[in-house]
Amino acid sequence: MSDVPRRVLVTGAAGRLGRMTLDLLARLGVPATALDLHDPGGLAADRVVTGNAGDSVAVRDALDGVDAVIHLAAIPAPVLGTPEEVFCGNTRATFVVLEEAGQAGVRRAAIASSFSVLGLPWAARPLHPAYVPVDEALPLQIEDPYGLSKQADEATGAMMARRHGMTVVALRFPLLGGPGDKFDKTAARYADDPGSGAKELWSYLDTRDAALACWRAVALPIEGYHAIFVTARDTLAPQPTEELLDRFHPEVERRAPLPGRTVPIDLGEADRLLGLTIEHPHPDATEPT
């Protein structure tokens, strides 16, 4: 599995991360097939298939000539559909894409999981992780259909790895964005109201770095199934991390020092598997008022 993929299928290709991933593949000279509900035009792919990622016929068509899959298609929040639409739509798409890929002989796949799999971001009441820095062994506390869909997606990825002898990497992304969009407003909000970021542990990742993580997950010689956190190494809040934890997660066990604005997420697995250098950290936020 050390050879570079010859053609990559990107689902959810018209979304922000999908577009960024296609742009990266184009710069690398890797042919790409884009799958999305609609073709908006301008996608950096030499083949575009329109259809639902949960439709086996559309997925089978999109897999023609493909030897790696980056599956990003999903309803990305529990408030963007009914509970049934969010959970059933997301989990069906992941199952169909990975099953059809496995049947077609594809042996490399990356799927977009989420920090929301922990249950904290969309809970109706404040929740706290069992310990920080959080890692892949942290107990889950899911109370919403989106987080549950990501837990099911991860379980599907692990099963497909066994079923088809695939490599499947589930990337637990935090808030995604970049300069000039939501990050600037979010950083300003955290400066004024740091408690508003407590559910996300103030974590973030530039979409360009997320796209690179997707590529590395299907291009590097990784074997089997893995679920890993991929975030920036600092937080999007200007306050020191340990000060934030003292205020908003005071009873949580601390298993390692978190100096400065260090994100309270263990990135050891991402380092080990992807060797990822975060190339686009957000500029330091202004001091809190």
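What you are looking at is a predicted structure, and each value in this text was computed from that prediction instead of being measured. The basis for the numbers below is simple: all heavy atoms, side chains too, and nothing from hydrogens, waters or symmetry mates.
For the atom pair CD of Gln103 and CE of Met160, the computed distance is 8.5 Å after rounding to the nearest 0.5 Å. Arg19 contributes atom CZ, which lies 5.0 Å from atom CG of Leu43 (distance to the nearest 0.5 angstrom). Here Leu175 contributes atom CG and Thr231 contributes atom OG1; the two are 11.5 Å apart, rounded to the nearest 0.5 Å. The line from CD1 of Ile111 to NZ of Lys150 is 7.0 Å long, rounded to the nearest 0.5 Å.
A salt bridge does not link Glu136 to Arg172: none of the charged nitrogens lies less than 4.0 Å from a carboxylate oxygen. Salt-bridge check for Asp61 with Arg47: passed, with a basic side-chain N closer than 4.0 Å to an acidic carboxylate O.
Tested against Ser196 for a side-chain contact (heavy atoms from CB on, under 4.5 Å), the candidates Trp202, Tyr190, Phe248 yield a single pass: Tyr190.
Under the 3.5 Å distance criterion, the side-chain polar atoms of Arg7 are left unmatched by any main-chain donor or acceptor of Val30.
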Side chain to side chain contact (heavy atoms under 4.5 Å, CB included) assessment of Ser113 paired with Asp153: CA-CA 7 Å; Ser113 186; Asp153 285 351; 6.0 Å; no

Start with the C-alpha distance between Asp209 and Arg233, add both sets of side-chain angles, then the distance that settles salt bridge (Lys or Arg N to Asp or Glu O under 4.0 Å), and finish with yes or no. CA-CA 12 Å; Asp209 291 316; Arg233 296 183 185 277; over 6 Å; no

Should Asp234 and His282 be marked as a side-chain hydrogen bond (donor to acceptor under 3.5 Å, both in side chains) after you check the CA-CA gap, both sets of side-chain angles, and the distance that decides it? CA-CA 9 Å; Asp234 61 350; His282 190 267; over 6 Å; no

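Within the hydrophobic cluster formed by Ile, Leu, Val, Met, Phe, Trp and Tyr side chains joined at under 4.5 Å, directly or through other members, Trp122 is accompanied by Ile75, Val79, Leu80, Val86, Tyr146. Residues Leu35, Val49, Val59, Leu63, Val66, Val69, Val96, Val97, Val106 make up the rest of the hydrophobic cluster containing Leu9, defined by ILVMFWY side-chain heavy atoms closer than 4.5 Å, directly or through other members.
Enclosure of atom CZ in Arg92 is not indicated, since only 12 or fewer non-hydrogen atoms of other residues, nucleotides or ligands lie within 6.0 angstrom. Other residues, nucleotides and ligands contribute only 12 or fewer heavy atoms inside 6.0 Å of the CZ atom of Arg6.
For His164 and Glu99, the side-chain atoms include at least one donor-acceptor pair closer than 3.5 Å.
You'll find the side chain of Pro281 stays beyond 4.5 Å of the side chain of Arg261, heavy atoms only. Side-chain contact check for Leu118 versus Phe229: some heavy-atom pair is nearer than 4.5 Å.
Contact between Val263 and Thr235 at its shortest, heavy atoms only, is CA-CG2, 3.7 Å. Of all heavy-atom pairs between Ala110 and Cys214, the closest is CB-O, 4.1 Å.
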